[in-house]
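Report on the following structure.
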Amino acid sequence: MIRDTAASFLAEVSSPAAVRAAMVRAEGHDQQAWQRICDEMVWQALHIPESYGGMGLGYVELIALLEQMGRFLFCSPFYATVCLGANALLVAGTESQKTTYLPKIVAGSTATLAYTGSNGGWGADSIELIVAPHNGGVVLNGKCRYVPDGASAEILVVAARSKGSHGMSGVSLFVLPQETAGLTRSWLPTMDQTRRQAELVFDNVQLDSDAIMCEPGAAWPLLEKIIDLATVAIVADQVGCAQQSLDMTVSYVLQRVQFGRVIGSYQAVKHKCADMMVKAESARSALYYAACIAAEALVDGELGADLASAASAAKACGSDACFFNTGTAIQLHGGVGFTAEYDVQLYFKRAKSSETFLGDSAYHRERLAQRLLDEGAGDEINL
Amino acid sequence: MIRDTAASFLAEVSSPAAVRAAMVRAEGHDQQAWQRICDEMVWQALHIPESYGGMGLGYVELIALLEQMGRFLFCSPFYATVCLGANALLVAGTESQKTTYLPKIVAGSTATLAYTGSNGGWGADSIELIVAPHNGGVVLNGKCRYVPDGASAEILVVAARSKGSHGMSGVSLFVLPQETAGLTRSWLPTMDQTRRQAELVFDNVQLDSDAIMCEPGAAWPLLEKIIDLATVAIVADQVGCAQQSLDMTVSYVLQRVQFGRVIGSYQAVKHKCADMMVKAESARSALYYAACIAAEALVDGELGADLASAASAAKACGSDACFFNTGTAIQLHGGVGFTAEYDVQLYFKRAKSSETFLGDSAYHRERLAQRLLDEGAGDEINL
Amino acid sequence: MKLTFSDEAEAFRQKIASWLAENLGGEFAELRGRGGPGDEHSLVSERKAWEARLHAGGWTGIGWPKNEGGQGASLEQQVIFHEEYARAGGPGRMGHIGETLVGPTLIAFGSEAQKRRFLPGILQGLVFWCQGYSEPNAGSDLANVKTRATFHAERNEWTLSGQKVWTSLAHESQYCFVLARTDPTSVGHKGLGFFLVNLQQAGVVVRPIEQLTGTCEFNEVFFDEAVCADADRVGAVDGGWQVAMGLLGFERGASTLGQQMLFKNELADIIRHAKRNGAARDPMLRQRIADAEIGLRIMRANSLRMLSGSSDGSLQKEAMIYKLYWATWHRNLGKLAMDVLGAESEIVEQAPYGLSRLQAMYLFSRADTIYGGTNQIQRNIIAERALGMPREPRG
Amino acid sequence: MKLTFSDEAEAFRQKIASWLAENLGGEFAELRGRGGPGDEHSLVSERKAWEARLHAGGWTGIGWPKNEGGQGASLEQQVIFHEEYARAGGPGRMGHIGETLVGPTLIAFGSEAQKRRFLPGILQGLVFWCQGYSEPNAGSDLANVKTRATFHAERNEWTLSGQKVWTSLAHESQYCFVLARTDPTSVGHKGLGFFLVNLQQAGVVVRPIEQLTGTCEFNEVFFDEAVCADADRVGAVDGGWQVAMGLLGFERGASTLGQQMLFKNELADIIRHAKRNGAARDPMLRQRIADAEIGLRIMRANSLRMLSGSSDGSLQKEAMIYKLYWATWHRNLGKLAMDVLGAESEIVEQAPYGLSRLQAMYLFSRADTIYGGTNQIQRNIIAERALGMPREPRG
């Protein structure tokens, strides 16, 4: 199955040594490994419909793959390209945009989504880029920050809002190629070196009307769906990280001896490992459920209506699980846990960037609370 | 010292059997034990100045005594009388009110403070009783709820607000005897049976002007000080409860055998006990600091300015410690922990009522946050 | 992981739902939502009558094979039954132990005679059972059972002496299955027998245990030369441990979705209170309410994983975490309920100690992380069986 | 518990505060706030020069007895010194190990000759020391030390072979005190000696350990027939464990208030960020910031309890919880700092990996709960020594 294929391929191209080599490269990944994925594995086409040249598999398979990428700390433009770029096109692209760009992605072009400004939020209010009509097309001014692989992606989906608009109103989406006049992109070096972020500055960037995705000024519901799909996808990475941290830790504590016993025989250590398993398995349950819902949402199925809640539930517990497990992994490794030489710290850093990206647990719990508790919410709990 | 005297006296009058007998009595305590306290130990007079017939000791000694009362689950009108009633008179009483009422308390009269209405809050907004001028005096209408020993106290200090006022403005304090026309008091039976709460309904209760304490309409700062003093006092009870829960648990797990070992030899049990000690000792540190500050505040010393913060810090960690320790005590007692026969459940119930009373941890953390983070707060942390 | 059920299963859902709608009224209306954990002592005779009604409707032994008198329902159908039963507020089942533990055990390990003798009473909702495993010194360490069974060849029967504890509803049951030491020289899980003991005899005394809620759900059961025919012994004379462990394995997750429905009702109740008293506007309580809902979602997803998993009976990882997860979640829910109620949480419904439903849940939920294997034992199990870490040494 | 200091002590406070204000400027201005945990690798030669300046001002060895060249300061004065030093942003002390560990050890256990030989260099801020205790297989289990010391009677000296690890600043130190096995047949804490080893010799190799921050604070130290004169052995040939344990007891809380001042500065920094970026309005972060402040208050109150407690040197309960408490608090503070910074927390100050102060603190604070006794070991110590619970069995 995809899980096993992915595991064995990634074990080869994303060994600890490969990760350490890739993460200090300027582009942040091993170009050769990415090429092999595009050519041999064709993972970038996994859930793109066959009509656009893709493999036409579902979100559940994509999630299984992403879980392995998290497990192996894979450095690549895969997440940005597939879970941001391709999803944005699938959800909000016009037929002509899909026909133009999706086959390019299938052919190996990279992509991403830029929507957050500098205010640190992840909801509709985070959009700060300003769009105005211009010569039948539009002009963009302002900036986006914290954009995954934003400095290298070849296809950009960008969210902007009309001047004076707030929150969910006035939001539009655009798709543009990297070589667009007025656009400056710069790498933002990060604590987690296995991923790349960028800032995009738009200085009177002019776009033709064919760059406009879906209904101008009313794109928020579709953008929210794109973000929710991306959220489920990042949880897969978290679950993989959380699981691998557990596995590495169990293996370490079963060989490390102190006081004449393997430290894994101490109940304090055993129970921490048990807690790590509970975290990993419960996050996995939430993830698998959300993956099924996401698959439904992509085909506009009835169960897809639960996407926002399922994504928030998964992200809240995925973030907790991943941070807890990677942090506990350092603790149970003792002194070697905070050396650069051991791998657990790389997982710990990736956990923090996954936690922050698209909103932490508190953000997602509050999002769920709004659905449960605020004006208009029924007494019904949706299960 | 007071601690040891208190411990040995309470071990006698507040044995588990005595607590169980007292808590099902209508008045909620053993009248004879209370009489002995007033006559033999004279604890009710401990921190009342000698000029009013008291012993003139400080708040630090009072806190040491209250800690033992918590440890022995003592059922009595002591807290309401001394930490609410006497403190209110000391802080906000006129000289004539002090001269009238404090000697009565020294002589054994009980007292309490009623300020909260039904809205569930504990700050200024919780005051719902309405006061209006009437024939040179005032008239009170409305009700107070959750009043400690409110159905039995002989001297009542009552907070009310002028109609239409909100928050900290419009608050006045009054002192009145229990036999006041228009006042109906009823017992509110509680989950924690070691303490008594009551509802007080005021139906056109008319008071002469000599019932008015401090400045009418501007009593909040003094009432807040009274509440903060009472908060520090309840933390002492929490620390006593938390410590006793730990002691009972250690003693139980060192004799209970499973799998051929005392369960106290399991690291999971040892570490839980260690955590309980950390909770108890850190709450005790916060308490002792707050007690010193409270003593300063009672004599209007400079360090007393930190009372609100010290009280909130102590209540936040006292509540956490007491709930954690009493809950963990049940857990480590296993099956017998949730039987009525064992005492740990009585501590668990007392912990919840202490936690709720005067605001839980979240309430007090937010109160501290306002001082640290909001308009007017400097960058300085007060240590 | 499947999120939906087959059309056939949905038709089955319709059937049980409408039967419950029809029958859980009239004389049985007062039973709605009653008799669950923390409330098991309530309305006992009415709930016994309800068991007979269930039998009349063909809703007992639904998971048992047809040739043993059961309905032979699929796992999917059993799940749906439990879900609809809980959704309708079906009362705590008096027949639970008999149907889910004794029946399957006899079907797997019992003689034909034993099955003929005991299964019908269980199915008909006429004979009620309780479980005699734990003892004062055999809690987490169940194999430390000390109750002694002595064989009297002349009468072909056993006498049992000893004490069991934490026996739910013993005072309302006719029979108890008892794990007792047949070999007085044995230790641990060897030398134990499994006995079906009639409680209505002189050698048995049942004493209720009062809990922190003031109610009595559990009992101590004292055996003083209590008699049990050799024919009422299940399995080998020294094979009781195998029977007992097999029995614990029969509970395989079909009822977890039903349990979650009860939890969901409790959370909905808490949310109603929060909306009414303003707690729903408190940012910290909002977080905790959302977290509770996330936990419900996780439990449901976890059950769906369990149910779509391997059918070879081996415990999967998601099954191994379930007890620890739900018990901790429910205990936290109890605390949340009180914090949502705020100052009012202290005030009981009726003097002197008539607890509200949520108060009783709060207090009783402290037992959730203890009975059926404490959280500490659960973590041992997970570490040792799922993660392959060393076992705790015996003293 | 005393909240205030005597007038005399406050006069002492004035003295050190104004000396620091005067001297921590000019060439030393850049040292303010530098060289603390997570930053120990920075500005080493400047901080060594600062040690000499401290000596010139009479501020080294303040807690040592006057007849050993110290200032004979009272505990109260030492507390004040540490508090003011931290308040002024005094840099991480290069002379820390020498002054607080080696000096007191030699004063307690050393010969007159050893004191004459080593104390002046420490006091003058000219000779720097590091600690050779831990080994790859002797972390929590310190008594498992394997480094071997062999006596050569003919030269009256020892040679040491083995490996030490987690040795802070070894590459900047002239001397290391080393716990090594003098009796090769011994196990555990018997048969160990305590040696003062010159690192500037052929038999010693120091290798820095890179941490998750990308910086190197710790080292491995390899001894290959490294030479140590018998005169540089402290205590009995097999009495090194007693010396080592005595040494660990010298750190008695005088510096905790200084540590808290550093923590306070970090929290103040976080609060400034929160006010600037709006995190101060987030209800959850408000709770956590308040909680951090409560923790600071608790640590301070706890230290005041320690300092007003028994002076017989026995560890009080509040002292036993301190390591676990501050380490956990500080680790949480690191996470809080990142969450207050939000999305911006990921972005480092300088490409490729120049961490901001708060980022370095966040990452390095993961080590706080490990070095100097892990949280797990701390809980063992509390349970066993303070609560009298059974010791963990050795394997």
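Here is the naming used below: chain letters follow the sequence lines, and residue numbers restart at 1 for every chain.
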Which portion of B/Phe357 sits near chain C, non-hydrogen atoms under 4.5 angstrom:
neither

For the residue pair C/Ala343 and B/Thr356, what are the closest heavy atoms and their distance?
CA-CG2, 3.6 Å

Which atom pair, heavy atoms only, marks the closest approach of C/Val348 to B/Thr190?
CG1-C, 3.6 Å

Would you say B/Lys272 has more than 12 foreign heavy atoms packed within less than 6.0 Å of its NZ?
no

Checking heavy atoms, do the side chain of C/Pro136, its backbone, both or neither come under 4.5 Å from chain B?
backbone

For the CD atom of B/Gln267 and the CD atom of C/Glu392, what is their distance to the nearest 0.5 Å?
8.5 Å

Residue, of C/Ala138, C/Gly139, C/Gly342, C/Pro352, that accumulates the most heavy atom pairs under 4.5 Å with chain B
C/Gly139

Flag if over 12 foreign heavy atoms under 6.0 Å of CZ, B/Arg25
yes

Show the numbers, then the answer: is there a side-chain contact (heavy atoms from CB on, under 4.5 Å) between C/Ile209 and B/Phe338?
CA-CA 10 Å; C/Ile209 301 172; B/Phe338 58 87; over 6 Å; no

Salt-bridge contact C/Glu346-B/Arg195 (side-chain N to carboxylate O under 4.0 Å)
no

For B/Phe259 and C/Ser140 the tightest heavy-atom approach is CZ-O, 3.3 Å

Taking all non-hydrogen atoms of both residues into account, name the closest pair between B/Met191 and C/Tyr353 and its distance.
O-OH, 2.6 Å

Pairing residues for B/Phe324 by the ring-ring contact (aromatic ring centres under 6.0 Å, His included) criterion, not counting sequence neighbours
none

Is it the case that atom CD in C/Gln350 sees more than 12 heavy atoms from other parts of the structure closer than 6.0 Å?
no

Please give me the minimum heavy-atom distance between C/Asp141 and B/Gln258, naming the atom from each residue.
N-OE1, 2.7 Å

In terms of heavy-atom pairs under 4.5 Å, which option from C/Glu210, C/Arg331, C/Arg379 contacts chain B the most?
C/Glu210

Proximity of residues 340-353 of chain B to chain C, residues having a non-hydrogen atom under 4.5 angstrom
B/Ala340, B/Glu341, B/Gln345, B/Phe348, B/Lys349, B/Lys352, B/Ser353

C/Asn375, part contacting chain B, at a heavy-atom distance under 4.5 Å:
both

Using only non-hydrogen atoms and a strict under-4.5 angstrom cutoff, which residues of residues 142-153 of chain B touch chain C?
B/Arg145, B/Tyr146

Is B/Glu366 in contact with chain C via its backbone, its side chain, both, or neither, using a 4.5 Å heavy-atom distance?
neither

Structural part of B/Val336 lying under 4.5 Å from a heavy atom of chain C:
both

Spell out the residues in residues 355-369 of chain C that have some non-hydrogen atom less than 4.5 Å away from a non-hydrogen atom of chain B, in order of number; otherwise answer 'none'.
C/Leu355, C/Gln359, C/Tyr362, C/Leu363, C/Arg366, C/Ala367, C/Thr369

To the nearest 0.5 angstrom, please state how far the OG1 atom of C/Thr374 sits from the CD1 atom of B/Ile263.
8.5 Å

For the candidates B/Ala268, B/Gly121, B/Gly335, B/Ala362, which exhibits the highest count of non-hydrogen atom pairs separated by less than 4.5 Å from chain C?
B/Gly335

Less than 4.5 Å to any heavy atom of chain B: does that hold for the side chain of C/Ser134, its backbone, both, or neither?
neither

